[in-house]
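Below you'll find the structure, written out as structure tokens, and then a few comments.
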Amino acid sequence: QSIIVSLADRCSAPAFVPHVTVYTCARTQEQRELAVMAGLARRCRIFSMQRLGLSCKGFLTQALFASLQEDTATIELSQLLHAGVPQPSNYRLEPHLSLLYQNISVTDREVLAQDIQIPLLKINFDELWAVAIPDQLMTLDDLDGWQNLLILPSLKVTSRASRSML
């Protein structure tokens, strides 16, 4: 969390809760996707993911991020969500821990990637969140449309290092 806050201050960007996105889908009127997630959370255990390298892309929500090693728990959770929601998406699991939400130049992203040191080799995720987000995330103002719909603890919570986001 401290790295995210530090980068947010440095780049005039918003701070946010550390998370990994395991699935995205459209919201339905009946919000059946939330029931699917709540059912899965009852079986979901805390999972740890191995940190790989730092990367950056030209997307607002992926300006700077730590790539994470796929593991069986996140793959299974993503597949179960895909199979269980009423309107599945084409979402492809690419586990990563976002560190900065900001539109910045390629040069600035690369400098930040060289400057940042992440001490953790393994990151624990102990909650499942369902979050409604706008259809497009192009500007910082678009981030204001995020809405937490559901927050569920995983089984055997031991620490709150980070969170998983639907």
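The basis for the numbers below is simple: all heavy atoms, side chains too, and nothing from hydrogens, waters or symmetry mates.
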Query raised in the report: Do the side chains of L121 and Q50 get nearer than 4.5 Å, heavy atoms only?
Result: yes
Query raised in the report: Side chains of H96 and Q62: does their closest heavy-atom pair fall under 4.5 Å?
Result: yes
**Report entry** Y101 and H19 aromatic ring geometry - parallel, tilted or perpendicular at 30°/60° bounds
**Finding:** perpendicular
Query raised in the report: Which heavy-atom pair separates L140 from S12 by the least distance, and what is that distance?
Result: CD1-O, 3.9 Å
Query raised in the report: Which atom names give the shortest non-hydrogen contact between Q102 and A63, and what distance separates them?
Result: O-CB, 3.1 Å
Query raised in the report: What are the two closest heavy atoms between L100 and L7, and how far apart are they?
Result: CD1-O, 3.9 Å
Report summary line: On a heavy-atom basis, the closest approach of M49 and Q69 is CE-O, 3.2 Å
Query - Heavy-atom donor-acceptor pair, Y23 side chain to R92 backbone, under 3.5 Å - result: no
Report task. Answer yes or no: is there a side-chain heavy-atom contact under 4.5 Å between T21 and L93? Result -> no
Query - Any donor-acceptor N/O pair, R51 side chain to I123 backbone, under 3.5 Å - result: no
Requested in this report: Measure from the ring center of H82 to the ring center of Y91 and say whether it is less than 6.0 Å.
Outcome: no
Query raised in the report: CG/L54 to CD/E110 distance, rounded to the nearest 0.5 angstrom?
Result: 12.5 Å
Query raised in the report: How long is the gap from NZ on K122 to CG on L68, to the nearest 0.5 Å?
Result: 12.0 Å
Query raised in the report: Going by heavy atoms in the side chains, are R109 and I104 under 4.5 Å from each other?
Result: yes
Query raised in the report: Which atoms form the tightest heavy-atom contact between V36 and G84, and what is the distance?
Result: CG2-O, 3.2 Å
Query raised in the report: Does a side-chain N-to-carboxylate-O contact under 4.0 Å join R10 and D108?
Result: no
Query raised in the report: Is the backbone N or O of S67 less than 3.5 Å from a side-chain atom of S55, with the two atoms forming a donor-acceptor pair by type?
Result: no
Query - side chain to side chain contact (heavy atoms under 4.5 Å, CB included) partner of V22, chosen from L80, I75, L81 - result: L81
**Report entry** L97 vs V20 side-chain heavy atoms within contact, under 4.5 Å
**Finding:** no
Query - Sub-4.5 Å side-chain heavy-atom contact between F125 and S48 - result: no
Report task. Ignoring hydrogens and angles, tell me if any N or O in the side chain of N103 forms a donor-acceptor pair with the backbone of M138 under 3.5 Å. Result -> yes
Query raised in the report: Does a side-chain heavy-atom distance below 4.5 Å link L60 with T139?
Result: no
Query raised in the report: Does F16 reach the side chain of I4, with side-chain heavy atoms less than 4.5 Å apart?
Result: yes
Query raised in the report: Are there more than 12 heavy atoms of other residues, nucleotides or ligands under 6.0 Å from atom CG of N90?
Result: no
Report task. Calculate, to the nearest 0.5 Å, the distance between atoms CZ and CG belonging to F59 and L137 respectively. Result -> 11.5 Å
Query raised in the report: Given the rule that I, L, V, M, F, W and Y join up when any side-chain heavy atoms are under 4.5 Å apart, are V5 and I118 in one cluster?
Result: no
Query raised in the report: Are a donor atom and an acceptor atom from the side chains of D71 and T74 found within less than 3.5 Å of each other?
Result: yes
Requested in this report: Check whether V17 and F65 end up in the same hydrophobic cluster, where Ile, Leu, Val, Met, Phe, Trp and Tyr are linked by side-chain heavy atoms less than 4.5 Å apart.
Outcome: no
